[in-house]
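This report refers to the structure that appears directly beneath it.
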Amino acid sequence: LRQNGTGESGNFNGILSGLDPTLLLYLALGYHCYLHDYGSRNKKRMAPRAIWYGVTFIKYALHQIWELPGEPTKPILRGHNVAADFDHALRNLDKAVKKKLRYFKNFVETEDVH
């Protein structure tokens, strides 16, 4: 999640295209990956939007694109199921973003994205 504001603006292509190739490889191999957001200004919620929104979308998207077994975890944001929104975003991804993510499908050795 390198780009500022991509989650806030609904820029799903930006969220996924900004993922580092090393991160994608580690996720495909099943490594547990941790994200740190040092730029968060939201002290009230204690969880920046990049984390609760962006990561939820990334996990859902990779589960679908990599065709991991079973159903993806139901994406619930602020009490609402946003699976339909995420599915719509995935259908409308840029070809280059889809190609980048599908490349890492060749390395998948996991049943879930951590």
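Just so you know, these numbers come straight off a predicted model, no measurement behind them.
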**Report entry** Atom pair CZ (F104) and CG (L23), whose distance is rounded to the nearest 0.5 Å
**Finding:**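 Answer for the CZ-CG pair, F104 versus L23, is 9.0 Å.
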
**Report entry** From F107 atom CZ to L29 atom CG, the distance as rounded to the nearest 0.5 Å
**Finding:**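 CG of L29 is found 8.0 Å from CZ of F107.
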
**Report entry** For K74, all residues meeting side chain to side chain contact (heavy atoms under 4.5 Å, CB included), sequence neighbours excluded
**Finding:**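 Listed in chain order: I76, N81.
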
Requested in this report: Could I get the full list of side chain to side chain contact (heavy atoms under 4.5 Å, CB included) partners for D85, not counting sequence neighbours?
Outcome: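 In terms of side chain to side chain contact (heavy atoms under 4.5 Å, CB included), with neighbours along the sequence ignored, D85 is linked to V82.
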
Applying ring pair (Phe, Tyr, Trp, His ring centres under 6.0 Å), can you list everything that pairs with [X], at least two apart in sequence or on another chain?
{"X": "H80", "result": "none"}
{"X": "H114", "result": "H32"}
{"X": "Y60", "result": "F86"}

Query - Atom of G54, atom of I15 and distance for their closest heavy-atom approach - result: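 Taking G54 first and I15 second, the nearest heavy atoms are O-CG2, 4.4 Å.
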
Is there a side-chain contact between [X] and [Y] in this structure, where contact means two heavy atoms from C-beta onward sitting under 4.5 Å apart?
{"X": "H63", "Y": "T73", "answer": "no"}
{"X": "L90", "Y": "I65", "answer": "yes"}
{"X": "T110", "Y": "L27", "answer": "no"}
{"X": "K100", "Y": "L24", "answer": "yes"}

Is there a donor-acceptor pair closer than 3.5 Å between any side-chain N or O of [X] and the backbone N or O of [Y]?
{"X": "W66", "Y": "E111", "value": "no"}
{"X": "N11", "Y": "G14", "value": "yes"}
{"X": "D20", "Y": "T22", "value": "yes"}
{"X": "N92", "Y": "A89", "value": "no"}

Report task. Give the C-alpha distance, both sets of side-chain angles, the deciding distance and a yes or no for side-chain contact (heavy atoms from CB on, under 4.5 Å) between S17 and D94. Result -> CA-CA 9 Å; S17 70; D94 292 340; over 6 Å; no

**Report entry** Inter- and intrachain pairs under salt bridge (charged side-chain N to carboxylate O under 4.0 Å, His left out), touching residues 56-68, at least two apart
**Finding:**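 Qualifying pairs: E67-K105.
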
Report task. Could you go through the side-chain contact (heavy atoms from CB on, under 4.5 Å) check for L68 and L62 one step at a time? Result -> CA-CA 8 Å; L68 298 178; L62 294 179; 5.8 Å; no

Query raised in the report: So does Y26 have more than 12 non-hydrogen atoms from other groups sitting under 6.0 Å from OH?
Result: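 No.
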
**Report entry** Verdict with supporting geometry, F57 and L16, side-chain contact (heavy atoms from CB on, under 4.5 Å)
**Finding:** CA-CA 9 Å; F57 176 66; L16 296 177; 3.6 Å; yes

